[in-house]
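Numbering of ligands and ligand atoms starts at 1, following listing order.
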Amino acid sequence: MRTQVAIVGAGPAGLLLGQLLHRSGIDNIVLERRSREHVLGRIRAGVLEEITVSALAEAGVDARLRREGLRHEGVQLSFGGERHRIDLHRLSGGRHVLVYGQTELTRDLTEARAASGLATDYEVPDVTLHAFDTTHPQVHYTRGGRPVRIECDFIAGCDGFHGVCRASVAPAALRIYERAYPFGWMGLLADTPPLDDELLYVNSPRGFALCSMRSRTRSRYYVQCPLTDSVRDWSDERFWGELRERLDPGSAARLITGPSIEKSLAPLRSFVAEPMRFGRLLLAGDAAHIVPPTGAKGLNLAASDVLMLSQALEEHYRGRSSGLAHYSDRCLRRIWKAERFSWWLTSLLHRFPDDEFGGRLQHAELEYLVGSEAARAAFAENYVGLALEPPDHPGGPASGAAGSRHDPQ
Ligand code: RFL
Ligand code: PHB
């Protein structure tokens, strides 16, 4: 079999890339380890930046999210028993975010791909990558017990943090930057009305909490918990009780509880692998970087990576190689800014064990944040999402990294 781009992973990065390439007339195949139902059942992100929405519009997959997504022009912070609103819209020059579940987004992308008649192979757990340091890479796997061999021009590694693509790169060619946090998030989804019209991020002496939503009738809540906990340790009663304890009195009085429809534990991690291009293998999304979910940046970074990757591949097929040459550096400059914001917000809002000094600093910084227009504006600018730099940016601190070491055009 032959295609122009073999895409590994049918998460949001792989599916969006497939759609963007298809719109530009670039042929592609998507290969996914898990079943379609498994991929569509994963509960994850909820907040989309305007850049993500415009990438989805470019891919022709924005009709339902424009109808059903909830436009948010502010977020709320709770600490010291009080709530404070940050007016994202006013402070960012009229921008906003859209609350729309990753599950719904993945469904829209999956259906659009099927409607366009594009090839997707689900349940192929044994994908291997070959010769991506030449101009003739290949992807091998088995389908229904028979070996399949795809010859392609490029391999797009959109297979998440635990995928095969980054793992196929020689360790010496990768530089890993990493920070682990000593806690996770226990998440609960319920068909109850959300606490409020806006998201509420909570710093309390008992730890972080987040009140989010998927719609006007479906809520998503998180509480910080030890990494050693499991879902079994958290009955619905314990979860609601702990969440209520962490809220300010006004919010606690308004909380409406109900039976959970899903619960899961997410560890928190910051991770960047550099570069993102190895000859004809290009990494995008969680395959190359992870942010703790506090800043709501993971899915949005995956979308901006693939937007930049699709632009670079379009340029390549029009006879210009500079897009691919700059792909890694262009992505990494934006990624590191989102890593910084996500790390900062995580450090500001969570309780760190045995760190009373840090706790007082958090309080001082939170008071500064809500009291200073300049600090609130910086928060708003980052939360709604930083602008995408134009394709031919001359280069920044990340340039000159190993990005151009393997360079078969
Ligand atoms: P994904 O979604 O992990 O998809 C990768 C796909 O690749 C498949 N795969 C393979 N396929 C073939 N062969 C192999 N060997 C393979 N290995 C893996 C996998 O099965 C999977 O289908 O990565 P992608 O596409 O890069 O998307 C990234 C986002 O999913 C992720 O960053 C976000 O969910 C992060 N995130 C959030 N991001 C936001 O922008 N806003 C949010 O509000 C937000 N909230 C969150 C989050 C992540 C969370 N968790 C669970 C960590 C909240 C939470 C709790
Ligand atoms: C979510 O709704 O799942 C969500 C929202 C905001 C975040 C993280 C997760 O920062």
Heavy atoms only, cut-off 4.0 Å: how does [X] contact ligand 1, side chain, backbone, both, or neither?
X    : answer
A296 : both
A287 : neither
L48  : neither

Quick one: does [X] get within less than 4.0 Å of ligand 1, heavy atoms only?
X    : value
P12  : yes
R42  : yes
F161 : no

I need the nearest protein heavy-atom contact for [atom]: residue, atom name and distance, please.
atom                    : value
atom 3 (O) of ligand 2  : Y222 OH, 2.6 Å
atom 10 (O) of ligand 2 : Y201 OH, 2.7 Å
atom 8 (C) of ligand 2  : P293 O, 3.3 Å

(request) Would you please name every residue forming a salt bridge (Lys or Arg N to Asp or Glu O under 4.0 Å) with E373, sequence neighbours left out? (result) R90, R376

(message) Can you confirm, on distance only, whether ligand 1 has an N/O atom lying under 3.5 Å from any N/O atom belonging to H162?
(response) no

Residues 55-65, side-chain donor-acceptor partners within the protein, below 3.5 Å, at least two apart:
unit_1, atom_1, unit_2, atom_2, d
D62, OD2, R66, NE, 2.7
D62, OD2, R66, NH2, 3.3
R64, NE, Y100, OH, 3.3
R64, NE, D108, OD1, 2.9
R64, NH1, E68, OE1, 3.1
R64, NH1, E104, OE1, 3.1
R64, NH2, Y100, OH, 3.4
R64, NH2, E104, O, 3.4
R64, NH2, E104, OE1, 2.9
R64, NH2, D108, OD1, 2.9

(message) Distance to the ring centre below 6.0 angstrom and angle to the axis at most 45 degrees; does that hold for R280 and F132?
(response) no

(message) Could you check whether D153 pairs with R2 (Lys NZ or Arg NE/NH1/NH2 to Asp/Glu carboxylate O, under 4.0 Å)?
(response) yes

(message) Please determine whether a side-chain nitrogen of the Lys or Arg among E339 and K297 lies less than 4.0 Å from a carboxylate oxygen of the Asp or Glu.
(response) no

(request) Take every heavy atom of R44, measure it against each atom of ligand 2, and state whether any distance is under 4.0 Å. (result) yes

